[in-house]
Each structure stands twice: as structure tokens, then as C-alpha cells.
Amino acid sequence: AQSVTQLGSHVSVSEGALVLLRCNYSSSVPPYLFWYVQYPNQGLQLLLKYTSAATLVKGINGFEAEFKKSETSFHLTKPSAHMSDAAEYFCAVTTNTGNQFYFGTGTSLTVIP
Amino acid sequence: EAGVTQFPSHSVIEKGQTVTLRCDPISGHDNLYWYRRVMGKEIKFLLHFVKESKQDESGMPNNRFLAERTGGTYSTLKVQPAELEDSGVYFCASSALDSTYNEQFFGPGTRLTVL
């Protein structure tokens, strides 16, 4: 089975500061990893995904994530936070033998002006 | 291209009542999934359709929940009778049958409140 742990249910950063949202996964087979973002009153939007190609994955809105197998991590980063980044972020794992996604509990990001 | 749509966006019902949620997947997507997020917890899988067939319903909490996908297009999720613990946000997602990485596209969710 697979699982995801997101450390920090709430993260606050100043505008222009580095954003780091943590995600650790557990999977007995090679995983596919995803980050989704949910803006207020909207659905889940795909930010980026890792599918066993490059370990550093670039996504939309300046976000990127690095797959580290040795650390079983897939942390999400952005060099400079923008006010529009305020949202809830979800990390998810699936595999090529499964269909369902396993999500973390989400991290709510607040950007302070 | 229209995304995944869900109706209603919000529903407030009393304990014991019945509610039906609807999901329209992206046209041509044979995979359809239902997930639920109870407040403060993770988004959890409920079930998976391939066309009109239930592929995996291991996440359905109990027999008060009934999902259907007649004709392999839209899907409904009925809760009857609703209990307080059923409150949460219900997400629907769809993906193409030949999607290599099973990338799922999510709808905006239905927020269900049971009083």
C-alpha cells in the first residue's frame, strides 16, 4: 500500500520568501507523485508530477519539486512567494499497478505581505 | 475542453435525509473516481468506475453510500440516510483509460453538511 505524510498543516511565509512544503511518501513499488493546489472555492489543480523521468520536476507558477528516493521525499518549493500562492496544497502518490491516489492531509499556505 | 463538473457545489441536509451528488467527467474519460475529505483530514478514495463498471469500491464507508454510473458517462453518489459523520467535501475525478501515469483531473467538489 502507499501513503503520504505532509508535515505542517499550516505554513506561513513572507511575500518574496522561499516556499518549502514537505511531502514524504511510502510505497513498496516505484511511485508516481503529484502535487495539487486548491484555491478557495475551486477544485484541485495539478501543479506538477513525477513519473520516473527527471528527478527535478518543474511545474506551473514557478513551483518545482525534487524526487529523492533515499529520503522518500517529494518536497515542493518556490524561490519567491507571491500573494497569489495562498492556497491549500496536496501531495499524492499512486503507482503503475494501482489506480487510486493516496493523499496527504494537505498544507495550507499563507503569504504575508 | 470542459473539465470535471460536480453538482451541487454545496448541500446542507438534516440527519436521516437523502442526498444525491452528481459528477460529469471529462468527455471521453472512462475512469471515474470518487474521493472524500472529512474536515482536517486527508482526501480519501471511495471508489473507481471503469465505464459503467465498479472497478474498486474498497473505500466506500458503508452501505448507506450507493454510487452509479449508468451508461458510462456521468455518475451519482447517493447517501441514504445521511449521518453527521458524512459531512465533508466529495471530489470526483476522471482520467483516460490509456493514461500512462493515471493523471486524474479533479472537479471542484461538493461540500456536504449534515446537521
Side-chain angles (χ1 to χ4, degrees), chain A residues 1-10 22-27 29-54 57 59-60 65 67 74 87-108, chain B residues 2-10 21 23-26 29-51 53-60 67 88-111:
Chain A
Q2 293 79 44
S3 67
V4 168
T5 300
Q6 289 184 243
L7 289 178
S9 57
H10 297 275
R22 298 179 185 275
C23 172
N24 287 88
Y25 70 92
S26 172
S27 178
V29 297
Y32 297 143
L33 294 156
F34 299 77
W35 274 100
Y36 284 86
V37 60
Q38 185 179 25
Y39 299 103
N41 300 316
Q42 296 187 29
L44 296 171
Q45 179 182 357
L46 180 67
L47 268 181
L48 49 79
K49 61 180 183 281
Y50 166 76
T51 56
S52 75
V57 181
I60 62 172
F67 172 71
F74 190 57
E88 191 156 22
Y89 293 79
F90 296 91
C91 182
V93 64
T94 188
T95 71
N96 63 354
T97 57
N99 276 289
Q100 63 173 284
F101 276 23
Y102 295 85
F103 283 88
T105 50
T107 298
S108 179
Chain B
V4 176
T5 58
Q6 294 186 244
F7 182 82
S9 57
H10 294 82
L21 314 181
C23 168
D24 287 77
I26 292 173
H29 280 189
D30 289 327
N31 287 314
L32 187 148
Y33 306 82
W34 284 98
Y35 293 85
R36 177 175 73 172
R37 188 187 190 202
V38 173
M39 186 185 298
K41 300 197 172 181
E42 72 270 30
I43 300 169
K44 294 191 79 170
F45 168 81
L46 295 178
L47 89 158
H48 169 211
F49 283 99
V50 177
K51 298 183 180 180
S53 299
K54 291 177 185 175
Q55 182 77 9
D56 180 357
E57 51 185 330
S58 61
M60 294 287 265
V89 180
Y90 290 77
F91 291 100
C92 176
S94 70
S95 68
L97 205 55
D98 58 354
S99 171
T100 307
Y101 310 116
N102 192 29
E103 180 178 339
Q104 296 180 18
F105 296 83
F106 284 79
T110 293
R111 182 174 296 277

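Reminder, nothing fancy here: chain letters follow the sequence lines and each chain counts from 1. Only a predicted model underlies this, so the values are computations on that prediction, with no experimental measurement involved.
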(message) Out of B:Glu103, B:His48, B:Gln104, return the one with the most heavy atom pairs under 4.5 angstrom to chain A.
(response) B:Gln104

(request) Examine whether an atom of A:Gln38 lies under 4.5 Å from a heavy atom of chain B, and if so say whether it belongs to the side chain, the backbone or both; otherwise answer neither. (result) side chain

(request) Any chance you could measure B:Asn31, atom CG, to A:Gln100, atom CD, to the nearest 0.5 Å? (result) 12.5 Å

(message) Give me the atom names and distance for the closest heavy-atom approach of B:Phe91 to A:Leu44.
(response) CE2-CG, 4.3 Å

(message) Which label fits B:Phe106 and A:Phe101: parallel for a plane angle under 30°, tilted from 30 to 60°, or perpendicular past 60°?
(response) tilted

(message) What's the separation between atom CZ in B:Arg37 and atom CD in A:Glu88, rounded to the nearest 0.5 Å?
(response) 4.0 Å

(message) Please classify the contact of A:Tyr102 with chain B as side chain, backbone, both or neither, using a heavy-atom distance under 4.5 Å.
(response) neither

(request) Sort A:Leu46 into side chain, backbone, both or neither according to what part of it lies under 4.5 angstrom from a heavy atom of chain B. (result) side chain

(message) So for B:Ser58, is it side chain, backbone, both, or neither that comes closer than 4.5 Å to the heavy atoms of chain A?
(response) side chain

(request) Using a cut-off of under 4.5 Å on heavy-atom pairs, state which of B:Glu42, B:Gln55, B:Lys44, B:Lys41 scores highest against chain A. (result) B:Glu42

